[in-house]
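In what follows, a structure is listed as structure tokens, so that the remarks can point back to it.
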Amino acid sequence: FTKTEIILEVENWVSNSGYIYTLNVPDYKVSKINFISPQPRSVYEYRNSGIFVFEEQDSMLKFYATSKPDNDLYLNLVLGE
């Protein structure tokens, strides 16, 4: 497994019946076991913004938020091998 940090930058959320964030992750493969978790400094805002992954494709994740976060969010991404 490979651990990496991803950042959901506050200015890249797009309003669309909630908020959508599209993230390119070159090594992400749908066929592998992957794990995404907010880092401790972002847990509160991540949960209060109602964020979850709602679409995944190889090399791409889409996050949905019920409310736009006020700050950049830091997540841990563990990629399967």
Determine yes or no for a side-chain-to-main-chain donor-acceptor pair under 3.5 angstrom, with [X] supplying the side chain and [Y] the backbone.
| X | Y | answer |
| --- | --- | --- |
| N34 | K32 | yes |
| E55 | L61 | no |
| D72 | V10 | yes |
| S49 | E45 | yes |
| D58 | V30 | yes |
| N76 | Q39 | no |

Going from [atom1] on [X] to [atom2] on [Y], what distance comes out if it is rounded to the nearest 0.5 angstrom?
| X | Y | atom1 | atom2 | value |
| --- | --- | --- | --- | --- |
| N71 | Y46 | CG | OH | 15.5 Å |
| D27 | S59 | CG | OG | 7.5 Å |
| L75 | T4 | CG | OG1 | 10.5 Å |

Can you get from [X] to [Y] by hopping between Ile, Leu, Val, Met, Phe, Trp and Tyr side chains that sit under 4.5 Å apart?
| X | Y | result |
| --- | --- | --- |
| V53 | I51 | yes |
| L23 | I20 | no |
| F35 | F1 | yes |
| Y64 | W13 | no |

Beyond-backbone contact of E9 with Y21, side-chain heavy atoms, under 4.5 angstrom: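 Sidechains of Y21 and E9: in contact.
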Evaluation steps, salt bridge (Lys or Arg N to Asp or Glu O under 4.0 Å), between E5 and R41: CA-CA 13 Å; E5 176 183 84; R41 62 182 160 173; 3.2 Å; yes
